[in-house]
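Notes follow once the structure below has been shown.
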Amino acid sequence: METTSLLPLLILGSSLIPGVLILLLREDQSALRSFLNLFGAVAKVSLIAWVFAGYLRGEEYTFIFRLAPQLTFALQVDQLGLFFATLSSVLWLVTTLYAIGYLEGGQHRRRFFAFFSLCITASTGIALSGNVVTFFIFYEFLTLATYPLVVHLGTDKAVNAGRTYLWYTIGGGTVLFLGVVGLYVLAGPVYFGQTEIIASLISENAPQLTILFFVFLAGLGVKAAIFPLHSWLPISMVAPAPVSALLHAVAVVKAGAFGIIRLVYDVYGIGVAEQMNLLTPLAVLAAFTILYGSIRALFQDDFKKRLAYSTVSQVSYIALGVAIPGVLASAGAIVHLVHQGIMKITMFFAAGSVAETYGHYKISELNGIGRRMPLTMGAFTTAVFGMIGLPPIAGFVSKWYLGLGAVEAGSYWVVLVLLGSSALNAAYFLPIVYRAWFCEPDHERVSRIRSGRLETRALLLIPVVVTGLFSLAAGVFAALAGSPLSIAREIAEKFYLL
Amino acid sequence: METYQIYILTSAVLFVIGMGGVFMARHFIKKIIATIIMGGGVFLCFVSFAQRDALTFADPVPHALVITGIVVAVASAAFALALARRIYQLTGEESFTNDK
Amino acid sequence: MSVLIDLLLAILTVYLALQCLLAQRLSQSVFLFFAFGLALALAWVRLGAVDVAITEAAIAAGFMGVLFLDALRDFSPAVSENQEDLKAVQNPPSKNATKSLLLPRLALGLGLGLFLLIALEAVWKTPDGGGLTAAAVALLPESGVEHPVTAVLLNFRAYDTWLEIGVILLGLLAIYAAGGINLYRKPGVAAKDPLLRQVILFSTPVLFLFGAFLLYFGKTGPGGAFQAAVLWGAIGIMLHLGGWPVFAVLPRWLGQLILTLGLGFFLVLGFLFMARGDALFEYPPAYAGILILIVETLAAISIAAALTTIYANINQMQEEPKQNESTT
Amino acid sequence: MMIKEVITVILLLVGCFFFLAGTLGVLRFPDLFSRLHALTKADNLGLGFIAAGMALHIASPWAALKIISIWLFTLLASSTTCYLIARFQKEQDQPKNGKEPG
Amino acid sequence: MTDLPTSPFPALLVGLPILVATLSLFFRPRGKAVVGLMGCLLTGGLGLIALVEVMQQGTVIHILGGWDPPLGILLRMDSLAAVFIGMTAVVGVFISLYAWWFFRAREATNGGFPLFWPLWLFLWAGLNGLFLSNDLFNLFVTIEVIGMSAVALAVLSGKTAAQIAGLRYLLAAITGSMAYLFGVALIYGSTGTLDLGLLRQVLEPGATTTFALLVITLGLMIKMAGFPFHFWLPPAHSSALAPVSALLSALVVKGAFYILLRLWMEVFGVSITFSAGQLIGLAGAIAVIWGSWQAFMQTSLKLIVAHSSVAQLGYLLMIFPLLILAPGVAAGSADWLSPAWTAGVYQVMAHAFAKASFFLSAGIIIMALGHDHKGSLRDLASRMPMTVMAIGIAGVSLIGLPPSGGFFAKWMLLKGIFLSGQWWWAPVVLAGSFLTAGYVFMLLRLAFATAREKEPFRPVPKGLEVCALLLALGSFLIVLPAEYLIQFLESSEAFGSGIQSIMEGGTYGND
C-alpha cells in the first residue's frame, strides 16, 4: 500500500488544527474561537463531501505512514468509513452551533471547544482508519479527548462520573490492546477489508481466533455499551448537553458499534464469523441489552438518564443487526448508525434546550412544556415516534430492515425482541410526549434566558429543528438514491459479495 | 594449595562478610566500613589472579585496576561518611530509623 | 611454611573484618578497621602487589581510617547494635517485635551462607584466563616507563586513571554538596599544641621528600602518583591539625587551580595530542616518559590537595551552624 | 657468619618478647596511662630490637640505614601520639574530677 | 573490531563536559551557572552531532592512547550507544535550560545551588562514558562517576530527608558497584580480558561465569532499582530538587539498564538460562504491579512520580526473559528478539522524556504553591494550563496510550511476549497500564475539578513550563522516526550478537 493522497490527513487536520489553536487562545477570545470552530466544521463537511464524490468516481484516497515494520498508520477511504465520517462531521457542525449557544457565558469554554474538536478528530479518525492499529489509536484518543468534556462542569459529581467513565473505557482500551497485538502476532498487519487473511488462518488457529474475537468484542463492547459493560453511559450524562448529544449518542457509542461492524465484516468477514459460530453469542447479548436498556429506561425520572438508557438499548440494534447474517439485517444495522444518531441527537438537544431555558431536568417537571417550546418539542416528538418505529420516520426504516433480515435468516425470536423493544420504547417515551403536550403546566416558570420572540436562543433552536427534519427526511426519502438507506444497502451488499 | 588460592577463597569470604554487613549493620559507620570490606574482597580477588598469572612479574593490569578501584571506593566512602556525619548533626540519628 | 603464613594471614584478615563489624563499641570498630587495612596490605605484599599494598595502607586504611577516627568525635562512642540488642533483651518490648526482627535476619543469614558457598565454588573453579602479563611485557618498552603497573595506570589505561582523578575531585564536590552550603569555606583552626606543631614541622619536609621519591620511583618500581599524593596529602592534613590551614591562606583561585590541575592538565594534554590526529591520551613513545612524569606530578599535587580539603571539610562540618532548611 | 645469625635470632626473640609484654600490658593494665606506657615504651623497645636484628641480617648498609630510620620515625610518631593522648585524657579528667569526686 | 572508522567524538563526549565542569569551578556562583549552561548546551549539541555521525558512518570507535584491547581501552559508539547519547543530549539540554530558570528564580533565597552545574556536567560525562565504554572495568569507573555525582545532586537541596535518602542511595550504589566489580574480577580471572568484544569470543559457560553473571546482574539491579532493591529510589528521587529528580529518574537509572542489556545480549549469551530470564522477568512483573500500586497510594506528587519510576523500570526488566530462547521454541527464528529489543529501547526513551517532564512539572507546582500535595492540581488547571497539559501528556505516555512512545514500547513488548510464546507476561503489562492510568488520572481529574479555596500562588517563569511541555511532547515525537530507528538500532553489535547467541545457543536455553 502506498500513500495516494493527503486528503484523509487533511480531513483529520480540519478539526485537529482548530482544536490545538483554540487551546492556545485566551479564554475571552470567543469570537475567534467560534470562527475557528465553525470554519473547521464547515471545512470538514466540505472535504468529506469532496472525498465522497471522488470516491464514487473511483478514486483512491490512502495515507500510509510506516511506524515500524508491520506497524502502519493507515488512513483509507471506503464507503462504510465515509458513511460514518459524513454522519460525524455533519452532526459536529450542527452540534458546534448548538454548543456555542448552549455554553454562552459558561466557564472554561476554551478547554471545552478544544477538546470538542479533538473528539471529532478522533471520531473521524475511527471512520477513516485503514487498519486495526490505526483504529485502536483513534479509539483511545477518543477516550482521552472525551474525558475533559465529561468532567467539564468540575463538580464532584462530574469528576466522579469521569472516573467511572475512565475505568470503563481505559479498561476496554486495555483489553482491545491485547486483542490488537494478538491479531498482529497471529495474522500480521490486517487492513480492513482483507478478510482473506483471517480466512486462511481458520484451519490452524481456530481456537485463538475465537478467543481473539471475544477479546475484541469485550474491548469494543465497553464503548458500544453492551450489557454488562454499559454502566458508564448513564453516569456520564452529567456532562453538558451538547457533549451528551454528540459524544454519547453519536461519537463514543457509535465508535464501539462501528468497531463491531468493522470487526465482523472487515476483519473476520461475515463468512468466517458465521462459520465459527461467533455471531450467536453477540446476537443474544445484543438482544438482551436492547430489552434491558429499555426496561431500565422506564424507571428513570432524570430526563437525560432516560435518554441514556434508551441509547444503551438502541445502539445494540446495530450489534444485533450485525449478528444476523443477511444483507437486509446488515443494511438495517448500518443505516441505524445514522438513524439512531440523528434521532438521539435531536432528543438530547431538546432535553438540553429545555434544561437551559427553563431549568427542567426531570421528566416530572415537563408538564406543558410543549406549549412553551413548540418547535423544540415538535422535533423531539418526531424523534420519539421514530424511536418507537412509527412510519415514515427514520427509526421505522431501520427496524423494518432488521425485522426483514431476521425473518430472512430464520431468527424469529429477533422479531419478538424488536416488537417488545418497540413496545417498551413507547412505554417510556410516550409519557414524556403526553406530559409535554397534554398536561397543564404546574405553575408559571419564567424563561431563564432572553431569547426575543423565539422560544429559546436561536442557536439552541435551529439545530434541534434541523436534526428533527433530518430524521423525518431520512425516513420519508429512504427509497431515493443517495439516502442513508440506499448507501447502507450498497455497503451491505458488498460485504456479502466478498 | 598455592598462595593465590588461599587469598582467592579469602576474597569471597570478605566479599560476603561485607555484603552481609551492609545489609545487617545498623550504624552508618559500620555500613560504610562494610562497603570497604566488600571492596577489599573484590580487590583481593583481582590481585590473586594477578599473582596466578605472573610471569617475570605479577600481572600489572589487575594491580592498576585495584589501585584505581581503591581510590574510587575511598572517594565514595568519604562522601558517605560526610553524609552520615551531616545527618547526625542535623537529626542525631546514627542509623536508618525505619530500617527493618 | 609460606602456606602457613598465608593461611594465618587470611584467617586474621577474615577475623578482623568480622570483628570490625561485630565490635561492641564504634571506636573498636574503627581501630579494628585500621588493623584490617594493614592485614590486607600485608596480604598484598604476599601476593607481590607492592603498589597496591602502599595504596591500601595509605589511602584505604590510612586516610579513610583517619576520617573514621575523626568521625568518632561526632557519634556517641558507646552505640552499637549489640548493646541495643542487650537493652532489648533486658526489657523486651514485645515478643512479636523481636520475633519479626529475628526471622528476616535468620533468612538473610541463611541466604548469605548459601551465597558464600556458591561464591567459594565459583572462585575456586575459575578457569585460568592467563591474564595480560605477556601483553603488558611486550608493550612495556613503548610505554615510556619501566614499571609495568605505572605503564598500565598512566599509559595503557590512562583513561581510567584520568576518570579516577576526576572521581576524587568529584568526591570533594560531593562533600561540599552534602554540607548543603556554599563552596569553599575556610578550614577552621585546630588545636594548638607546641609539641605537635614541632613534630609536624619536622616531618613535613621528610614526608615531602619521601613523596617525591615515591613519585619519581614509580617510573621504575612500586610507587607513583597515588602513593605520593597520599603522603603529600598527609602533610596537608597534619598541617591542618597543627593549625596551619593551608588552603585558607592561599588565594581562592590558586587553591582551585591546585585542585583541578591534575585532571585539567591530563585532559588538555590528551586533547592537544588529539588535535594532532592521535587518539586521546596517546603519547609519542619518545616523550612518553617525561610526559607521564609531569602528568603524575601534577596529579599527585591535585590529589594531595583534594585529600587535604576533603579532610578539612569533613572535619569542619560539625562546627558549621545548622543550615536553614531550604524549601524545594 | 654463624655468630651473626645467632645474634640476629637473639635480637629478634628479645624484640618479640618486648612486643608480647607490651601487648599483654595493653590488654591487662587498668587505666589509660599505664596502657599507654606499655604500648609505647615496650613496643618501641621491641621494634628497636627487631629492627636491629633485621639490620644485622641484611648485608647492605643502605638497607640497614633505612630500617634504622624506620625505627626512628616510629619512635618519634609513637612518643608524640602517646603524649597527645595522655594530655587529652588529662584534660578530660580534670573537669570531671572537679565535678564529681570519686 | 579495531578496523572500524575512528572518530574523535567519543573522546570529546566524555572529555568536554569534565573540562567545562573543571573550568566552572573557577567562577563565582553566577558565572558557574553561565559556564555550566554553556557546557550543557555544548555537550548536548555534541551528542546530537555524534548521533548523526553514527547514522552516516555506522559504528565508530576511538582507541584510547592508541593501545588496542585487551591491554588498552576502546570507546565504541554503535547505534545503541548513539541513540542513548542522543536521548541524553535532548533530555539533558531541556533539563539544563529548566535548571537555569529554576535556580535563577531561587537565587535570592537559596544561593542558586551553583554546585549543580559542575556535578551535572560530571554526571553527563559519566553517562556518555558509560554508553561509549567497551571495557568491563571502565564501566565500573563510569558507574561510580555517575553514582557519586547523582547522589551529590540528590543531596544538594540540603534537606534532612534528602540527605538520609541520599545516604541510602549511596550505600546501595556502592554495594551495587562492588557486586558488579566482583563479577568483573571473576571474568577477568577466567578470560584475561576486559574488552566486551573479545569477551564474547572467549567466554565459556561454567560455574564461574554463571556466578559472575549473577553478581553482575545483582549489582546492576541494585543500581537500577530493580524490584527487591527498589527501596532507595522513591525517597531519593522524591526529595531531590526538581531538575535533579528529573535527571535521576530520566537518565541515571538507565545507565545500569544499558550495561545490563549490553552484557546480556553481547557477552553473556552463552551462559544465560531460561530460568534466569524468568526470574528477572518476575522481578520486573512484581515491580510493575507493586510500584504502580504504591504510586496509587501516595499523597504527594513527587512520591507518586517516584514510585511510578519503580513500575516503569519493571517494564525494562520484563524484556529480559524475551532475550532468551524459551523451551520448546524453535531456535531457527528469533523473531521475538527484535520487538523485545525495540521495546526496551523505546521504554527507556519514552520513560526518560515522560518522567523528566513529570518531575519538572512537579517542580513548577512546588514553586508556585510551595507544596506538592496531590490535590494541588485542583487549583492549578486554570492558572497553569501548560503544566497541567505537560503532566497530562507525560501521563498518557506512561500509561501507554497511543500514539505515545510508551504505547509503542508496550506494543512491542506484547508482541515479543506473544511471539516468544511467553504469554503469561501479557496480563502484567496490561494490568500495569491499567494501574498507571489509575494514578495518572487520579491527578488529572483534579485538574478539571473546581478550585475550592484560592491558595497563595507565586508566578513561575514561562520557560520552565515550556521545557516541561516540550519534554512531554518528546515522548510522543519519538514514535515518528520509529521505523528508521528500529533499523538503525538493529544494526548495533549488541543486537547482532544477541540474535547470534540465540541461534547458536538453541540448546542451552532449553534447561
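Just so it is clear: chains get the letters A, B, ... in the order the sequence lines come, proteins before strands, and each one is counted from 1.
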Heavy-atom side-chain contact between [X] and [Y] under 4.5 Å:
{"X": "W44(C)", "Y": "H63(B)", "value": "no"}
{"X": "V52(C)", "Y": "F43(B)", "value": "no"}
{"X": "L9(B)", "Y": "L120(C)", "value": "yes"}
{"X": "L21(C)", "Y": "M24(B)", "value": "no"}
{"X": "V71(B)", "Y": "F63(C)", "value": "no"}
{"X": "V66(B)", "Y": "E56(C)", "value": "no"}

Under 4.5 Å from any heavy atom of chain C - which part of [X]:
{"X": "V61(B)", "answer": "both"}
{"X": "L14(B)", "answer": "side chain"}
{"X": "L44(B)", "answer": "both"}
{"X": "F79(B)", "answer": "both"}
{"X": "A77(B)", "answer": "both"}
{"X": "F15(B)", "answer": "side chain"}

Top contributor to chain B interface from [options] [non-hydrogen pairs under 4.5 Å]:
{"options": "T161(C), D160(C), T126(C), V230(C)", "answer": "T126(C)"}
{"options": "V137(C), I54(C), D128(C), V149(C)", "answer": "D128(C)"}
{"options": "A60(C), G109(C), G130(C)", "answer": "G130(C)"}
{"options": "A71(C), G224(C), A136(C), A134(C)", "answer": "A71(C)"}
{"options": "I165(C), L153(C), I168(C), L47(C)", "answer": "L47(C)"}
{"options": "G48(C), G171(C), G111(C), A49(C)", "answer": "A49(C)"}

Atom [atom1] of [X] and atom [atom2] of [Y]: how far apart are they, to the nearest 0.5 Å?
{"X": "R157(C)", "Y": "T68(B)", "atom1": "CZ", "atom2": "OG1", "value": "8.0 Å"}
{"X": "F33(C)", "Y": "I37(B)", "atom1": "CZ", "atom2": "CD1", "value": "7.5 Å"}
{"X": "L9(C)", "Y": "I6(B)", "atom1": "CG", "atom2": "CD1", "value": "9.5 Å"}
{"X": "F49(B)", "Y": "L132(C)", "atom1": "CZ", "atom2": "CG", "value": "13.5 Å"}
{"X": "E164(C)", "Y": "I70(B)", "atom1": "CD", "atom2": "CD1", "value": "10.0 Å"}
{"X": "Q227(C)", "Y": "I67(B)", "atom1": "CD", "atom2": "CD1", "value": "5.0 Å"}

(message) Quick one: does any side-chain atom of K30(B) pair with a main-chain N or O of A23(C) as donor and acceptor, under 3.5 Å?
(response)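 Yes: the side chain of K30(B) pairs with the backbone of A23(C).
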State, to 0.1 Å, how close [X] and [Y] come at their nearest heavy-atom pair, and which atoms those are.
{"X": "I33(B)", "Y": "S29(C)", "answer": "CD1-O, 4.3 Å"}
{"X": "G20(B)", "Y": "L112(C)", "answer": "CA-CD1, 3.2 Å"}
{"X": "A12(B)", "Y": "V123(C)", "answer": "CB-CG2, 4.0 Å"}

(request) Show your working on side chain to side chain contact (heavy atoms under 4.5 Å, CB included) between E94(B) and L26(C) and close with a plain yes or no. (result) CA-CA 11 Å; E94(B) 298 171 320; L26(C) 202 58; 5.9 Å; no
Tell me, out of [options], who's got the most heavy-atom pairs with chain C below 4.5 Å.
{"options": "Y4(B), Y7(B), F28(B)", "value": "Y7(B)"}
{"options": "V13(B), I87(B), T10(B), V47(B)", "value": "V47(B)"}
{"options": "A73(B), A78(B), A80(B)", "value": "A78(B)"}

(request) Given side chain to side chain contact (heavy atoms under 4.5 Å, CB included), test F68(C) with I36(B) step by step and report yes or no. (result) CA-CA 12 Å; F68(C) 281 135; I36(B) 297 184; 4.1 Å; yes
